[in-house]
Protein chains: 2
Amino acid sequence: MQNKEMAQRVRLFIETCRRHQLKITPQRVGIYRILIQSKRHPTADLVYRAVKKEFPNISFDTVNRALSTFAEIGVVEVVETFGGPKRFDPDIKDHHHLHCMACGRIIDFEYEGYARLEVPKAIASTFKVISRRVVLKGLCDTCSAKQQMF
Amino acid sequence: MQNKEMAQRVRLFIETCRRHQLKITPQRVGIYRILIQSKRHPTADLVYRAVKKEFPNISFDTVNRALSTFAEIGVVEVVETFGGPKRFDPDIKDHHHLHCMACGRIIDFEYEGYARLEVPKAIASTFKVISRRVVLKGLCDTCSAKQQMF
DNA sequence: TGACAAATAGGAACTAATCTTATTTAAGAG
DNA sequence: CTCTTAAATAAGATTAGTTCCTATTTGTCA
Ligand SMILES: [Mn+2]
Ligand SMILES: [Mn+2]
Ligand SMILES: [Zn+2]
Ligand SMILES: [Zn+2]
């Protein structure tokens, strides 16, 4: 990510925190900066270990609570998983996910074909849809290559 | 569910167990019967509590291990969640899910409009897709009614 | 600069999932 | 039907993930 884009996202993040009367602490900013540089939908523990390099005394709880708070105010998202620890996504734009069932990677993709994933009328009338996503399960390139070998 | 359909599904389940050289134990059959009667994508603990009525000595571990085994041989599915305990789905036919963010309900729906949720070419060439699902997040009727009150 | 509510660090507590081991049992052979 | 054996079970211990508790620190605003 460009330095410039990064700064811009952090600025927006700080703005959103203020709107929600959240204090701008160095820990929160550090955590957010780590997260927006991540590409793998990391767990709280992974974020913790990364941010610990910059803040050696930070506690796991601070990281985990910050991530939950960020999800509440909508600057990050908790991603769908099939068990295991929660995973976080700094990309809150509409996009879709591939889940590799062998290595657990979650790969982003966008596709105009799904652009207006319409909600069936029968459902739209009883369920208030807030977000929509296509979740594909399967095997990533590396993992399906490994399987071929046997 | 009709008694007849139930019996048919259990028969199929037993057949699949045999194909995988799994022993047909009363516990496994009991667990499977409970699960196919469930409509709420239950957790292992919920299945445990229900099956305990029929098998008072059954252990949680037996239930949990059985459910994992069932998922491995493909007679049930682990459902996508946003944290919390694993939840299981006895319906392995293609279908989609609504997740209520307030009460946690997961509601099934089918929609021909998604029937051929095509996989973008760029992805199909690097990722081997095994299953596809639309996941909608939002509020169910009861929960959005509750919100209106404030 | 001072007051105060909010946030943090550190550890305890809790919940979910998995592992260990002694005992029981399903299933196939005879 | 009986015997043998590997697989499955029950019960409890252990581990992993998350949340809670409390004393201390810190960001914010007057
Ligand atoms: Mn993503
Ligand atoms: Mn379902
Ligand atoms: Zn993979
Ligand atoms: Zn609801």
Side-chain angles (χ1 to χ4, degrees), chain A residues 10 13-34 41-73 75-76 78-88 104, chain B residues 10 13-34 41-73 75-76 78-88 104:
Chain A
V10 170
F13 162 74
I14 287 176
E15 216 175 89
T16 310
C17 282
R18 287 209 205 289
R19 257 208 317 285
H20 288 83
Q21 285 106 38
L22 293 182
K23 290 183 177 172
I24 316 302
T25 65
Q27 289 95 330
R28 280 181 175 157
V29 177
I31 292 162
Y32 184 73
R33 292 173 69 94
I34 291 293
H41 307 87
T43 62
D45 184 64
L46 280 167
V47 176
Y48 170 59
R49 282 191 263 171
V51 85
K52 215 169 155 55
K53 287 170 189 160
E54 199 185 338
F55 298 85
N57 296 334
I58 201 168
S59 73
F60 172 78
D61 186 56
T62 295
V63 175
N64 197 51
R65 216 167 359 80
L67 292 170
S68 296
T69 307
F70 296 172
E72 271 169 37
I73 66 173
V75 293
V76 312
V78 177
V79 152
E80 75 286 345
T81 49
F82 298 90
K86 275 187 195 158
R87 295 175 65 172
F88 297 88
Chain B
V10 170
F13 162 74
I14 287 176
E15 216 176 273
T16 310
C17 283
R18 286 207 208 290
R19 258 209 316 285
H20 288 82
Q21 284 106 38
L22 294 182
K23 290 182 179 174
I24 317 302
T25 66
Q27 289 94 330
R28 280 182 175 156
V29 177
I31 292 162
Y32 184 72
R33 292 174 69 95
I34 291 293
H41 307 88
T43 61
D45 184 63
L46 280 167
V47 176
Y48 169 60
R49 282 192 263 171
V51 86
K52 214 168 156 55
K53 288 170 190 163
E54 200 186 337
F55 299 86
N57 297 331
I58 202 168
S59 71
F60 172 78
D61 186 58
T62 296
V63 175
N64 196 51
R65 216 168 359 81
L67 292 169
S68 296
T69 308
F70 296 172
E72 270 170 37
I73 66 173
V75 292
V76 312
V78 176
V79 151
E80 75 287 343
T81 49
F82 298 90
K86 277 186 193 158
R87 294 175 66 173
F88 298 88

Neighbours of DNA chain D within residues 56-64 of chain A, by heavy-atom distance under 4.0 Å: A/Phe60, A/Asp61, A/Asn64
Are [X] and [N] close enough that a side-chain N or O sits under 4.0 Å from OP1 or OP2?
X	N	value
A/Thr25	C/dA6	no
B/Arg65	C/dT18	no
A/Gln27	C/dA9	yes

Presence of donor-acceptor pair under 3.5 Å, side chain of A/Lys23 and base of C/dA5: yes
Relative orientation of the end axes in the helix from C/dT1-D/dA30 to C/dG30-D/dC1, expressed as an angle to the nearest 10° (five pairs per end): 40°
Supply the atom-to-atom distance [X] [atom1] to [Y] [atom2], rounded to the nearest 0.5 angstrom.
X	Y	atom1	atom2	result
B/Tyr32	B/Thr16	OH	OG1	7.5 Å
B/Thr81	A/Lys86	OG1	NZ	10.0 Å
B/Glu54	B/Arg33	CD	CZ	7.0 Å
B/Tyr48	B/Lys53	OH	NZ	12.5 Å
B/Arg18	B/Ile73	CZ	CD1	12.0 Å

[X] [atom1] - [N] [atom2] separation (whole Å):
X	N	atom1	atom2	result
A/Leu22	D/dT28	CG	P	10 Å
B/Arg18	C/dA26	CZ	P	12 Å
A/Phe70	C/dA7	CZ	C1'	12 Å
A/Leu46	D/dT18	CG	P	11 Å
B/Gln21	C/dT25	CD	P	23 Å
B/Lys86	D/dA16	NZ	P	15 Å
B/Ile24	D/dT9	CD1	C1'	15 Å
B/Phe55	C/dT25	CZ	C1'	14 Å

Any donor-acceptor N/O pair, A/Arg87 side chain to A/His41 backbone, under 3.5 Å: yes
Stepwise side chain to side chain contact (heavy atoms under 4.5 Å, CB included) check, B/Val79 with A/Phe82: CA-CA 6 Å; B/Val79 151; A/Phe82 298 90; 5.9 Å; no
5' priority, DNA chain C, between A/Gly83 and A/Arg28 [closest heavy atom]: A/Arg28
Could you pull out every donor-acceptor pair under 3.5 Å between side chains of residues 23-30 of chain A and any protein atom, sequence neighbours left out?
unit_1, atom_1, unit_2, atom_2, d
A/Thr25, OG1, A/Arg28, N, 3.1
A/Arg28, NH1, A/Lys23, O, 2.8

Derivation and outcome, side chain to side chain contact (heavy atoms under 4.5 Å, CB included), residues A/Phe55 and A/Thr62: CA-CA 11 Å; A/Phe55 298 85; A/Thr62 295; over 6 Å; no
